[in-house]
Amino acid sequence: MEKFDIAIIGGGIVGLATAMSAQKKYNNKKIAVFEKENSLANHQTGNNSGVIHAGIYYQPTSQKAKFCWPGSLMLREFCDSNKIKYEMCGKLIIATDESEIERLNDLYERGKENGVVGLELVDQKRIHEIEPYVKAVKGLWSPNTGIIDYKKLTESYADIFKKDGGKVYKNHKLLNINSTQNNIILETNNDDYETKYLINCAGLYADRVAKMMNLDFDVRIVPFRGEYYTLTNKSEKMVNGLIYPVPDPDLPFLGVHFTKRINGEVEAGPNAVMAYSREGYKKSEINLKDMFESFSYPGFWKMVKSNWKTGISEQYRSINKFKFVDSLKKLIPCISSDDLTNPGAGVRAQAIDKNGNLLQDFSIVKTNNSLHVLSAPSPGATSSLKIAEHLMTELTI
Ligand SMILES: Cc1cc2nc3c(=O)[nH]c(=O)nc-3n(C[C@H](O)[C@H](O)[C@H](O)COP(=O)(O)OP(=O)(O)OC[C@H]3O[C@@H](n4cnc5c(N)ncnc54)[C@H](O)[C@@H]3O)c2cc1C
């Protein structure tokens, strides 16, 4: 049986950033990444919005706030050194009527408190220069927000990890874990492997991997599908960068927005609905085990009780394109359903605690021989190098 010092479960951006950092820190240790798919970054990382966030929104005491801005700078530096394409196209958050101005001003203050550089409150004239199709009374301009292909970035982390001596096992699904006092046996769909230390970066399955070690952190992952449309080639000119509304403080999501992609396309969305499968990218995909796990968790029903109105409204918008367009019109009034094509979706791992609270922050838990990234929502990709740096301070081997 092949033996490792550190095994990382999950070949997404957090897993590979962690692997790369661990191999740099412990260059004499044997480190491996196990990924169930035949390529890296196939799930949250490869289906995300591709935004390099600056870190404006987050509670200043949260890990998101502490990791995002420095993480974005580390990411840009890494990309510059490794010739990975990214674009600082900037982001405009807009107040569409007077009632939103106070919240926009608060966001500006919060962004500054979080250390974000370059933020600027802008008037209608400047808004028109930045995004001519937008109609708003006031805006918050973040020039240090950008776009990138996170799958490519993950592959680049993997290349460095392998060059430094690490191993990446694709098509290796972790099925079970047998832990003894001194080692951990990993049963995969291929061979069995032994490791002294395990780092769980399994994204949508992080709670299940923890359970394989008989650990119950009282957190359940519920999958939410973020549905979006792509603007037609003809309509792409309506968006220069990233256009977001002022978020509703009562909702866990940022609201539908326009996102320019690094390949030049523009996405509009997301509409957030519960998915009936952890990797359910289509409405029709149902996985009974995943559904049972959500529905049998008491925290799930408490979450439904406090969020049912939003849930119904998002479900309605999911089946009604005109309602979707209505939400987009708030940002760009002249947009119509003819401008939208190619519906797509990403699935995000929403961690819920036993009281039904949606875990908003990153959640990382430690035992004597393992570390578990139980929740790494957005801006997890932006913060990947900072999360990895943090994990290295927690790792005791
Ligand atoms: C729709 C959407 C949009 C987002 N937009 C942004 C954005 O613009 N900017 C940003 O910074 N962040 C964004 N995020 C958040 C970001 O994508 C995540 O924080 C990040 O991808 C998390 O990476 P990860 O490696 O933890 O998870 P993942 O990318 O999901 O990787 C986990 C990996 O574990 C593997 N795995 C699971 N179980 C097993 C097993 N049993 N055995 C072996 N392998 C296993 C999976 O196959 C998967 O490859 C977005 C997320 C979503 C869902």
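Indexing begins at 1, ligand by ligand and atom by atom, following the structure's order. Here the structure is a predicted model, which means the values were calculated and not measured.
At least one heavy atom of His172 sits closer than 4.0 Å to an atom of ligand 1. Ligand 1 has at least one atom lying under 4.0 Å from a heavy atom of Val347. In this structure, Gly226 falls outside the shell of residues with a heavy atom less than 4.0 angstrom from ligand 1.
From the protein, the heavy atom lying nearest to atom 32 (C) of ligand 1 is Cys201 O, 3.5 Å. Nearest protein heavy-atom contact of atom 5 (N) of ligand 1 is Ser49 N, 3.2 Å. When hydrogens are left out, the protein atom nearest atom 42 (N) of ligand 1 is Leu174 N, 2.9 Å; that is the closest non-hydrogen contact.
Near Val51, meaning under 4.0 Å from one of its heavy atoms, ligand 1 places the atoms 7 (C), 8 (O), 9 (N), 10 (C), 11 (O). Close contacts between ligand 1 and Arg348 involve ligand atoms 53 (C) [criterion: under 4.0 Å to a heavy atom]. Set against the non-hydrogen atoms of Phe34, the atoms of ligand 1 under 4.0 Å away are 43 (C), 44 (N). When each atom of ligand 1 is checked for a heavy atom of Gly380 under 4.0 Å away, the hits are 11 (O), 12 (N), 19 (O). Residue-ligand proximity, Lys173 to ligand 1, at heavy-atom distances under 4.0 Å covers atoms 42 (N). Each of the atoms 18 (C), 19 (O), 22 (C) of ligand 1 lies under 4.0 Å from some heavy atom of Ala376.
Taking distance alone, with nitrogen or oxygen atoms compared against 3.5 Å, Glu35 approaches ligand 1 more closely than that limit. No N or O atom of Asn42 sits closer than 3.5 Å to an N or O atom of ligand 1. Residue Thr45 places at least one N or O, backbone or side chain, under 3.5 Å from an N or O of ligand 1. The shortest N/O to N/O separation between Asn47 and ligand 1 does not fall below 3.5 Å. The shortest N or O to N or O distance between Ile13 and ligand 1 is under 3.5 Å.
Between Lys85 and Ile262 the shortest side-chain heavy-atom distance falls below 4.5 Å. Looking at heavy atoms from C-beta onward, Arg126 lies in side-chain contact with Trp141 at the 4.5 angstrom threshold.
Screening Ile184, Leu198, Thr195 for a side-chain contact (heavy atoms from CB on, under 4.5 Å) with Phe4, the sole residue that qualifies is Thr195. With Lys138 as reference, Asn105 is the one residue of Asn105, Asp97, Ile93, Val246 to meet the side-chain contact (heavy atoms from CB on, under 4.5 Å) rule.
The residue Ser383 has no part lying near ligand 1, judged by heavy-atom distances below 4.0 Å.
Comparing Lys36, Met212, Lys170 by heavy-atom distance to atom 39 (C) of ligand 1, the nearest is Lys36. Within the set Thr154, Asn48, Val209, the minimum heavy-atom distance to atom 50 (C) of ligand 1 is found for Asn48.
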Name each donor-acceptor pair under 3.5 Å that joins a side chain in residues 385-395 to protein atoms two or more places apart or in another chain, with its distance.
residue, atom, partner, partner atom, Å
Lys386, NZ, Glu389, OE1, 2.7
Thr393, OG1, His390, O, 2.5

